[in-house]
Amino acid sequence: MSDVVLGEETPGVVDDLPTSRFIDRELSWLAFNQRVLELAEDSRLPLLERAKFLAIFASNLDEFYMVRVAGLKRRITTGIAVRAASGLLPREVHDAVLAASHNLMMRQAACFRDEVKPGLSTEGIELARWQDLSELEQAEAGRFFEAKVFPVLTPLAVDPAHPFPYISGLSLNLAVVVRNPHTGTELFARVKVPPMLARFIHVGRSRFVPLEDVMAAHLNTLFPGMEIIEHHMFRVTRNEDVEVEEDDAENLLKALERELMRRRFGPPVRLEVEESISSHVYDLLVRELGVSQAEVFRLPWPLDLRGLWTLVALDREDLKDPPFVPKTSRELAEVESAKAPDVLEAMRTKEVFLHHPYESFSTSVQRFLEQAAADPKVLAIKQTLYRTSGDSPIVDALIDAAQSGKQVLALVEIKARFDEEANITWARKLERAGVHVVYGLVGLKTHCKLSMVVRDVGDRLVRYCNLGTGNYHR
C-alpha cells in the first residue's frame, strides 16, 4: 500500500474541485420539505393522507421560518457577512429561500385547491365557504358563534389613541376596515381567530366551514353601529429562536425561562396575506409590521393549512393508509401475547437490536424502564431526556422508581427547541418526586437516547443499557 500526500505537489486533487460542490443548508432543508409536499401531490396516496402531508408541510415551514430564516435575518442585521460553505452570503441565502419557499407555498395552495379539496368533496367531505351554506346551516353556525366564539373575541381598532396592536406569531387574523356612518371616518381593526377553537367547524355530518368565515359573517356583531367596508385574512411568522448565554449551568434554567418570555415578541420574518387583499390594507400591514415586500406572500384561500388536521382526524379509514401496528421484537418474546415481556431477562443473556417504529417501543424500551422501576433488585436508573410525549410513561416510570427508594438521575435537555417549556415542567415534576435532575451541559445539546439500569444480582452489580437515536416517545 502506498501513501498519497495531498498539497501543492499533487496538482489537480484539491485546487480543481468545483466550487459548487457544497449545497446550502437552508436550501437543502427546503428541498427536504419539498419532498413532503410531493407526497401531498402524489395522487396514488389516499386523500386524507395527502391532506395530512399538506398540514405537515405547513408546520415544517413555520418552524423553518421561526428558526432558520430568523437566524439569517439576524446575521444580515448584525452585519455578519460570512460566506457559508456553499459560497453564499446570508443575504443571498435569504433571497433564495424567500423565492424557493414562495414557489413551494403556491404549489401547496394549488394542490389543496385543485386536487385535495375537490377530491374530498367527491368523497362526501366538503369544506364550504359561508355563502355556500344553506340558511339552516348558517343559523347553526350563528348559534355556535354566539355561544363559543363571540365571548372570546377582542377586536382591536387603530386610531390616534390606540396604536397598531401586537400580532402574535402564527396567529390567524382578520384585518377589518370599518367606517363610522356619522363622521365618515374609516378605521382599521384586527380580530384574532381564537387558536383554542377548531379551525373548521362542523355544520353537517361531513360538512365544514372555516372559523374565520363564521367570524367574518358576524362582524356587525363585533362592530355595532359601524359599516363593514372590507376584511381580509393575514398571518405573521416571528423570530422564535431562543439564544441563551450559557455562562454557567446553575443559571441556565432561569436564563432560558427569561428567553422564553421574550420569544413571542420576536421581530416578524414572514407575512402571509390573502391574494384578494386590497392595496390599502396591504400597505398598512407591511408598514406597521416592518417587513419587506419580498417577505410578503400573497396566497390563495385558505391561509395556514395546518388546520387540515381537523379533517385528517375524521373517522374515514377508507381515505387513509391502513394503520400500522408495531410488533414486539422476537428478541424479547418469541410470540405476541398479552403478557409483558421480561426485558431485563432478555438483556441479561444477549444484546437486543430494536428498529422503531416497526418494533414496538412500549413493549421494549418503555417496558424496560417500567420493569426496572418495579424491580426490587434495581438500585439506580440514570438516563437522558430530550423530548417526551405529553403523558410520558417514561417520566412516570422514573417517578415510580424514585418514590420506591431507587437512585434516579435524569439529564433533561431543556434546550430542546420548542419543547423548552414542556421540559422545564417535566424537570420540576421529577425533582419534586426526588429525582436528581441535571439541566444539560453548558455549550452542548444532549440529543441521544441513553438509559442505564444498575441491578444487584447477588454476587455483583450488573448494568443494563438502552442506547439509540430519537426521543423517549411512545
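Only a predicted model underlies this, so the values are computations on that prediction, with no experimental measurement involved.
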Output for pair (K320 NZ, L48 CG), nearest 0.5 Å, gives 6.0 Å
- Side chain proximity check, L156 to F164, heavy atoms < 4.5 angstrom: no
Looking at K406 and A373, would you say the former's side chain and the latter's main chain have a donor-acceptor pair under 3.5 Å? yes
task = For the residue pair L289 and R238, establish whether any side-chain heavy-atom pair is separated by less than 4.5 Å.
result = yes
Heavy atoms from other residues, nucleotides or ligands near CZ of F324 exceed 12 (cutoff 6.0 Å): yes
Taking every heavy atom of A333 against every heavy atom of P341, the minimum-distance pair comes out as CB-CB, 4.3 Å
K148 atom NZ, over 12 foreign heavy atoms within 6.0 Å
no
| task | Check whether any side-chain N or O of E92 sits under 3.5 Å from a backbone N or O of L89 as a donor-acceptor pair, and report yes or no. | result | yes
Does a donor on one side chain and an acceptor on the other come within less than 3.5 Å for K192 and S168? yes
Do S171 and I167 touch side chain to side chain, with heavy atoms closer than 4.5 Å?
yes
So does D24 get a backbone contact from the side chain of S28, meaning a donor-acceptor N/O pair under 3.5 Å? no
Here the gap from L27 atom CG to I23 atom CD1, rounded to the nearest 0.5 Å, amounts to 8.5 Å
Minimal heavy-atom distance between V343 and Q371, with the atoms involved, is N-OE1, 3.0 Å
Using the rule given for side chain to side chain contact (heavy atoms under 4.5 Å, CB included), can you reason through L61 versus N33, listing the C-alpha separation, both sets of side-chain angles and the distance that settles it, and then say yes or no? CA-CA 8 Å; L61 197 60; N33 209 31; 4.0 Å; yes
Of all heavy-atom pairs linking K429 and I399, the shortest is CE-CD1, 3.6 Å
Worked check of ring-ring contact (aromatic ring centres under 6.0 Å, His included) between F150 and H218
CA-CA 9 Å; F150 179 70; H218 294 83; 9.4 Å; no
Minimal heavy-atom distance between L104 and L30, with the atoms involved, is CD1-O, 3.9 Å
Exercise for the section: Please lay out, stage by stage, how C111 and V116 fare under the test side chain to side chain contact (heavy atoms under 4.5 Å, CB included). Expected result: CA-CA 6 Å; C111 177; V116 174; 4.1 Å; yes
Requested in this report: Flag the pair E370 / P393 as yes when at least one side-chain heavy-atom distance between them is below 4.5 Å, and no otherwise.
Outcome: yes
### Task
Check whether any side-chain heavy atom of F297 sits under 4.5 Å from a side-chain heavy atom of L98, and report yes or no.
yes
Applying salt bridge (Lys or Arg N to Asp or Glu O under 4.0 Å) to D318 and R316, what does each step give before you reach the verdict? CA-CA 5 Å; D318 56 316; R316 288 293 302 269; 2.9 Å; yes
Practice item. Look at the side chain of S59 and the backbone N and O of I56, then say whether any donor-acceptor pair between them is shorter than 3.5 Å. Key: no
**Prompt:** Is E212 salt-bridged to R199, going by a charged N under 4.0 Å from an acidic O?
**Reply:** yes
Can you check salt bridge (Lys or Arg N to Asp or Glu O under 4.0 Å) on E345 and R348, steps first, answer last? CA-CA 5 Å; E345 178 61 24; R348 187 184 66 82; 2.9 Å; yes
- Query: Do F112 and P300 come close enough that some side-chain heavy atom pair is under 4.5 Å?
  - Reply: no
d(I277 CD1, L285 CG) to nearest 0.5 Å is 5.0 Å
- Query: Which is it for T328 and R367 under the side chain to side chain contact (heavy atoms under 4.5 Å, CB included) test, yes or no, and what are the steps along the way?
  - Reply: CA-CA 11 Å; T328 297; R367 172 59 184 161; over 6 Å; no
To the nearest 0.5 Å, atom CZ of F57 lies from atom CZ of R107 at 8.0 Å
Q | Heavy atoms from other residues, nucleotides or ligands near NZ of K73 exceed 12 (cutoff 6.0 Å) | A | yes
Applying side chain to side chain contact (heavy atoms under 4.5 Å, CB included) to L174 and M215, what does each step give before you reach the verdict? CA-CA 9 Å; L174 273 168; M215 292 169 55; 3.9 Å; yes
#### Entry: Worked verdict on Y65 versus S101 for side-chain hydrogen bond (donor to acceptor under 3.5 Å, both in side chains)
CA-CA 10 Å; Y65 265 83; S101 56; 2.5 Å; yes
**OP:** If the plane angle is over 60° it's perpendicular, under 30° parallel, otherwise tilted; pick one for H356 and F361.
**Re:** perpendicular
Contact check, side chains of H232 and V273, non-hydrogen atoms, under 4.5 Å:
no
Closest non-hydrogen atoms of T384 and C448, given as atom of the first, atom of the second and distance, are OG1-O, 2.9 Å
Side-chain donor/acceptor of K377 to backbone N/O of A372, under 3.5 Å = no
**Exam field: side chain Q108 to backbone L54, donor-acceptor pair closer than 3.5 Å** = yes
Is there side-chain contact between E274 and R235, with at least one heavy-atom pair below 4.5 Å?
no
Open item on the list: Strictly distance-based, threshold 3.5 Å: is any side-chain N or O of E272 a donor or acceptor partner for the main-chain N or O of F234?
Closed with: no
Separation between CZ (F200) and CD1 (I125), nearest 0.5 Å, reads 12.5 Å
Taking the side chain from E295 and the backbone from S292, do they hold a donor-acceptor pair closer than 3.5 Å? yes
F353 vs H355 aromatic rings, parallel, tilted or perpendicular, using cut-offs 30° and 60°?
-> tilted
> Are R306 and D62 close enough for a salt bridge, meaning some N to O gap below 4.0 Å?
Replying inline: yes
In terms of heavy-atom contacts, K52 and E49 come closest through NZ-OE1, 2.7 Å
In this structure, CG of L170 is separated from CG of D304 (nearest 0.5 Å) by 7.5 Å
Test log, rule salt bridge (Lys or Arg N to Asp or Glu O under 4.0 Å), inputs D375 and R455
CA-CA 9 Å; D375 190 337; R455 190 167 183 255; 2.7 Å; yes
